[in-house]
Amino acid sequence: MTPTAAHLASIRTPLLGWYDRNKRDLPWRRTKDPYAIWLSEVMLQQTQVSTVIPYWERFLARFPTVLALASAPLDDVLAGWKGLGYYSRARNLHRAAQEIVSRFGGKLPSSAEDLLSLPGFGRYTSGAVASIAFGEEAPLVDGNVARVFSRLFEVEGPPGDREREATLWELATLLVKGERPGDFNQSLMEHGATTCRPENPLCLLCPVRDACGAFRAGRVDELPPAKVRATPKKLTLALAVWSHADTLLFARRADSGLFGGLWELPAAEVDEDATPEETTLRLTAALGAGVRLESQLGTVKRQLTHRDLTLRLYRVSGPQRPSRSESFQELRWCTPTEAAALGMSTAMQRALEAAMTALA
DNA sequence: CAACCGTGGTG
DNA sequence: TCACCAAGGTT
């Protein structure tokens, strides 16, 4: 895979021109603040543009600078991320901000190489920030670019294939060299998102159709091959709905794993066909306090990428109201209003709504 | 390197 | 309804 200089130019120039004429007016394209651009790149990972826009604006207003983010409690950062998913992104963002303060004097390093050393900066995000915010000729490959290249150059192999990935990064490295590397990288992604789409690509409107191997060969529909996904595994959680006065008991999960660092109705994993006795034991162990199941308040189901999640709500009580537990970072009794400000997954919000409805 | 990590949009 | 997917990173 060694395209000629002429072939590269027949892609680079039209694509950049097309981008200048057709790029969407996105809020993070109106700023030159590296921190704001970094934030957009992290939020956009595996997430739709339309979903990100309101989050980006709100988060930036709440944490306007690297220093503000670094100084904030993780709990607040996760609350600002509430509902966006992939919460390790927020934990890594927070850690990276603190490292930027301690190692780089509070300013983002400008090279992809330095950025790569920070939490949450992989190859893609390092290249994106270095090229878009700092003008470095740093390559990037995301899902869009992979699709665009696999069609333009007829790169074979399924997503994840080692040789395929190496080829894609080589191509990105060759193509990014030239004027306005940040805009060029964005032109690749914008093209993939709007024209060279996964389904029903708009080849008739494509600015680089003449250079496209898949178009010439009539293979646009078969490149790239779809990724094979594992079937979701079942995960059943028993949730304790423990009310006292006008409050409910909430717990903050450990920082790693599913919903790491987020608040929840205290949860314990149970077997899909767990008996009430087993459920009682699990919740008692989790809370470190004797628990009695009063009644079942309902069930909430959620589909995650790798998990088929079932949340079973149990109204519980016990002889002693717990205030600490080994299983959780923190326990807290909260009114509904207070709970609304906590960092909580959408799944848990649904469960909480179901609990409140059942209790009302 | 395969598994893990969320959510909402789409056909 | 459901499978697929969207500007990935970590372990």
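In what follows, chains carry the letters A, B, and so on, assigned in the order in which the sequence lines appear, proteins first and then strands, with residues in each chain numbered from 1.
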| query | So what does A/G160 touch, heavy atoms closer than 4.0 Å: a base, only the sugar-phosphate, or nothing? | reply | nothing
Check the phosphate of B/dG9 against A/Q48, side-chain N and O only, distance under 4.0 Å to OP1 or OP2. Yes or no?
no
message: Just to be sure I understand the rule, does A/L84 reach a base, reach only the sugar-phosphate, or reach nothing, if contact means heavy atoms closer than 4.0 Å?
response: base
Between A/V176 and A/A138, the two heavy atoms sitting closest are CG2-O, 3.7 Å
In whole angstroms, the gap separating P of B/dG6 from CZ of A/R350 amounts to 16 Å
Discussion item. Ignoring hydrogens and geometry beyond distance, is a side-chain donor-acceptor pair present between A/S243 and A/R315 at under 3.5 Å?
Written reply: yes
Rounded to whole Å, CZ of A/R91 lies from P of C/dG8 at a distance of 18 Å
### Query
Do A/D255 and A/Q329 have side-chain atoms, one donor and one acceptor, less than 3.5 Å apart?
yes
Rounded to whole Å, CG of A/L304 lies from P of B/dG8 at a distance of 11 Å
Taken to the nearest whole Å, CH2/A/W38 to P/C/dG9 is 13 Å
Just N and O in the side chain of A/R89: are any of them under 4.0 Å from OP1 or OP2 of B/dC5?
no
For A/S50, which contact category applies under a 4.0 Å heavy-atom criterion: base, sugar-phosphate, or nothing?
nothing
Counting any heavy atom closer than 4.0 Å, what does A/G83 reach on the DNA or RNA strands: base, sugar-phosphate only, or nothing? sugar-phosphate
Is there a side-chain contact between A/K233 and the phosphate of B/dC4, meaning an N or O under 4.0 Å from OP1 or OP2? yes
note: A/N200, atom CG; B/dG9, atom P; distance rounded to Å ~ 20 Å
Examine the side chains of A/E294 and A/S317 and answer whether a donor and an acceptor come within less than 3.5 Å of each other.
yes
Check: Under 4.0 angstrom, heavy atoms only, what part of the nucleic acid is A/A226 near: base, sugar-phosphate, or nothing?
Finding: sugar-phosphate
query = When all nucleic acid strands are considered with a 4.0 Å heavy-atom cut-off, which category describes A/T47: base, sugar-phosphate, or nothing?
reply = base
message: Using a heavy-atom cut-off of 4.0 Å across all strands, would you classify A/R95 as base, sugar-phosphate, or nothing?
response: nothing
Quiz item: Any idea how A/F149 and A/F153 line up, ring-wise: parallel (<30°), tilted (30 to 60°), or perpendicular (>60°)?
Solution: perpendicular
_Under 4.0 Å, counting only non-hydrogen atoms across every strand here, what does A/L26 touch: a base, just sugar-phosphate, or nothing?_
base
Requested in this report: Check whether the side chain of A/S88 and the base of C/dG9 form a donor-acceptor pair under 3.5 Å.
Outcome: no
For A/R253, report the nucleic acid contact type (base, sugar-phosphate, nothing); a contact means any heavy atom under 4.0 Å. nothing
For A/S345 and B/dG6, is the shortest distance between a side-chain N/O and OP1 or OP2 below 4.0 Å?
no
Walking DNA chain C from its 5' end, the first of A/I132 and A/P119 to be reached, judged by nearest nucleotide, is A/I132
Within the modelled atom types, does a donor on one side and an acceptor on the other bring the side chain of A/H306 and the base of B/dC5 under 3.5 Å apart? yes
Mind checking A/R229 for me? I need base, sugar-phosphate or nothing, with any heavy atom below 4.0 Å counting as a touch. base
A/Y87 atom OH is separated from B/dT7 atom C1', nearest whole Å, by 8 Å
Quiz prompt | Sugar-phosphate only, base, or nothing, as touched by A/Q303 at under 4.0 Å among non-hydrogen atoms | solution = base
**Prompt:** So what does A/R147 touch, heavy atoms closer than 4.0 Å: a base, only the sugar-phosphate, or nothing?
**Reply:** sugar-phosphate
Exercise. Does A/E165 come within less than 4.0 Å of A/R162, counting only side-chain N to carboxylate O?
Worked result: no
A/D255 CG to C/dT11 P, in whole Å, measures 12 Å
Margin query: So, OP1 or OP2 of C/dT10: does either fall under 4.0 Å of a side-chain N or O from A/R123?
Written below: no
Exercise. Under 4.0 Å between any heavy atoms, over every strand shown, what does A/N92 touch: base, sugar-phosphate, or nothing? Just pick one.
Key: sugar-phosphate
To the nearest angstrom, the NZ-C1' distance between A/K227 and B/dC5 comes to 12 Å
Distance between P atoms of B/dG6 and C/dT11 (Å, rounded) | 14 Å
When you measure from the side-chain N and O atoms of A/T125 to the phosphate of C/dG9, is any distance below 4.0 Å, counting only OP1 and OP2? yes
- Can A/T47 and A/R89 be counted as having a side-chain donor-acceptor contact under 3.5 angstrom? yes
With a cut-off of less than 4.0 Å, is there a side-chain N or O of A/R307 near OP1 or OP2 of B/dC5?
yes
